[in-house]
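Note that this is a predicted model, so its numbers are computed, not measured. Atoms within a ligand are numbered from 1 in the order they appear, just like the ligands themselves. Numbering starts at 1 and runs along the sequence shown.
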Amino acid sequence: MDRYEIVGGRRLEGELQIQGAKNSVLPILAATVLVEGRCTIHNCPALSDTALTVQILQTLGCRAGGERGSITVDTTDLSCQELSEALTGKMRSSIVFLGPLLARCGQVKIAYPGGCRLGPRPIDLHLQGLRQMGAIVQERQQDLLCCAPKKLRGAKISLPFPSVGATENLMMAAVLAKGKTTLCQAAREPEIVDLAGFLNRCGAKIRGAGSGVIEVEGVRKLQGCEYTVMGDRIAAATYLAAAVITGGETSIWGADPRNLLRMLTLLQKSGSQIRWEKNWIFLKSNGQIRAFPPIETAPYPGFPTDGLPLFLSLAATAQGESRFVENIFENRYSSMAGLQKMGAQIRREGRVALVEGVKQLHGAKVCAEDLRGGAGLVLAALAAEGPSQVEGIQWIERGYEHFSRNLAALGAKISKQ
Ligand code: UD1
């Protein structure tokens, strides 16, 4: 099993071009299914989840592949509407194929998705919305069978919670539906705006993405296009946090700072100097982190749940006590045991964690249990005194392209074994 060997205490310094956003590229690649023809998607991060999505497209009969970050998908020969457990079990976001396949083919059989261990991740909101659009959904023991014998039709759908995945699935399904769909209490994440940008470039008629109300006027057909995926805001935050926790400085290119304002503001409040312009963020830390004001995760534009484990590690070395409340996923504190092993003082009660910063963490052998928790452990190891081993890095590499190589280029002592 691969692991990172890290010797902490090196100040990180330098520039980095940020990868394309994982949470954009997966739905955008799935959305190519809606297009009869060829699309080329640029800035695709080289991640295992991207490769798996390409494999799913190939299984469906599409021609899909590419190199150096550009993936071309030709759906002309799409012939299959079934996704087996062997594919969906590896990646929760495989559920984003549900809406596009149903819209394009009129039926789909899909095994229940797997993925990160963040606690129960139901798909009831996806199914409820599709039913409102006229889909017949059978939830069977092993798989879902959905069909829309008379084509999907537009509907007014109010999501009880702004789920990112449900918003994506319903937006994609609505693009080829008959008539107009209005999605109320839609998710407002930047990745939703990116997906809508791609679909509109293909000829879809989507308005309001990025706000709580999205309107989609169904069209008969989409045509192929070229599209560049946005920069990854969580990866950007991770490298910034690496500079903060090591008292370093870094320039990040390729991520829109407006997409991570909440995190940037908190980093400023805790003592880092930050400047930003379009697509560029500069951060300088003096090695002293002040405790954060209370952090509570919420749908965008609130503090992102994916950022919590990063800030948990920063708080572990801050001066004073920081308080966290996780409102989205049950198992978000997966890095806590590892951090404690490194000397962090964390008390948790349910959704709330209190972190009393310590002067110095010490190296330890720890294990990543999910993507962002794993990144949090790497951050802590970069700041810790002495060597650490981070195991379970297959979780981390689902979301970070060339993670250890990038950190090493910034001056970290890290190697992959
Ligand atoms: C996406 C992101 C993930 C991020 C999350 C929240 C991708 C590939 N993943 O995940 O990195 O952490 O948004 O920003 O884009 N829920 C239901 N029923 C549903 C759907 C969701 O109860 O049908 C609940 C979930 O259990 C969870 C909450 O809603 O508690 C948020 O889920 P959702 O916004 O759907 O997240 P994902 O799309 O899975």
Side-chain angles (χ1 to χ4, degrees), residues 20-31 44-45 47-50 52-53 56 88 90-99 110 112-132 137 139 144 146 157-173 183 185-196 212 229-230 232-235 237-238 259-260 262-263 296-311 325-334 351 370-376 395-396 398-400:
K22 168 178 99 68
N23 287 354
S24 274
V25 76
L26 305 181
I28 288 175
L29 286 174
C44 298
L47 303 170
S48 51
D49 277 8
T50 313
L52 196 65
T53 308
I56 291 178
T88 63
K90 291 186 192 144
M91 187 175 71
R92 148 95 194 170
S93 41
S94 52
I95 195 66
V96 289
F97 277 93
L98 180 60
I110 186 164
Y112 292 109
C116 244
R117 307 170 187 172
L118 289 171
R121 295 178 81 168
I123 51 169
D124 52 316
L125 305 179
H126 305 230
L127 302 184
Q128 169 113 20
L130 290 173
R131 284 189 175 109
Q132 279 180 260
V137 182
E139 295 174 69
L144 276 170
C146 296
I157 301 168
S158 288
L159 291 172
F161 177 87
S163 152
V164 173
T167 302
E168 291 168 345
N169 247 330
L170 298 174
M171 194 164 81
M172 290 188 280
L183 284 176
Q185 198 161 207
R188 298 163 60 186
E189 269 68 3
E191 293 78 11
I192 305 278
V193 179
D194 212 21
L195 174 61
V229 170
M230 64 179 249
D232 194 307
R233 62 194 167 108
I234 305 295
T238 306
N259 293 340
L260 51 151
R262 191 58 69 100
M263 292 188 281
E296 189 154 340
T297 63
Y300 193 84
F303 185 90
T305 172
D306 288 348
L308 186 140
L310 314 175
F311 279 69
V325 183
E326 168 58 41
N327 290 316
I328 314 288
F329 290 116
E330 262 177 33
N331 300 345
R332 197 42 108 178
Y333 293 112
S334 69
R351 296 184 294 132
D370 60 46
L371 165 57
R372 305 302 170 188
W395 291 108
I396 301 175
R398 289 181 66 162
Y400 295 93

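Shown in contact with Ile123 at under 4.0 Å from a heavy atom are these atoms of ligand 1, numbered in order with element: 19 (C), 23 (O).
Ligand 1 has no atom lying under 4.0 Å from any heavy atom of Pro304.
Of all the heavy atoms of Ser93, the ones lying under 4.0 Å from any atom of ligand 1 belong exclusively to the side chain. Looking at Tyr300 against ligand 1, nothing comes within 4.0 Å, counting heavy atoms. Only side-chain heavy atoms of Asp306 come within less than 4.0 Å of ligand 1; its backbone N, CA, C and O stay farther off. If you look at Glu326 next to ligand 1, there are no close heavy atoms at all, none under 4.0 Å. Under 4.0 angstrom from ligand 1, the non-hydrogen atoms of Asp124 come from both its backbone and its side chain. With a 4.0 Å heavy-atom cut-off, ligand 1 is reached by no atom of Glu168.
Checked against a 3.5 angstrom limit, the closest N/O atoms of Ile328 and ligand 1 fall inside it. Checking only distances, Leu125 does come within under 3.5 Å of ligand 1, N or O to N or O. Distances between N or O atoms of Gly165 and those of ligand 1 include at least one value under 3.5 Å. Polar contact with ligand 1: absent for Phe329 (N/O pair, distance under 3.5 Å).
Applying the side chain to side chain contact (heavy atoms under 4.5 Å, CB included) criterion to Val137, with sequence neighbours excluded, gives Leu127, Arg131, Ala135, Glu139, Leu144, Cys146.
Across every non-hydrogen atom of Gly99 and Asn169, the tightest pair is N-OD1, 2.8 Å. Taking each heavy atom of Thr50 and Cys44 in turn, the nearest pair found is CG2-CB, 4.4 Å.
For the residue pair Glu326/Thr297, the side-chain donor-acceptor check at 3.5 Å is satisfied.
Among pairs with a residue in residues 186-195, those fulfilling side-chain hydrogen bond (donor to acceptor under 3.5 Å, both in side chains) read Ser24-Asp194, Glu191-Arg233, Asp194-Tyr227, at least two apart in sequence or across chains.
Within the model, atoms NZ of Lys22 and OH of Tyr400 stand 9.5 Å from one another, a figure rounded to the nearest 0.5 Å. Atom-to-atom distance recorded for Ser163:OG and Asp124:CG is 8.5 Å, nearest 0.5 angstrom.
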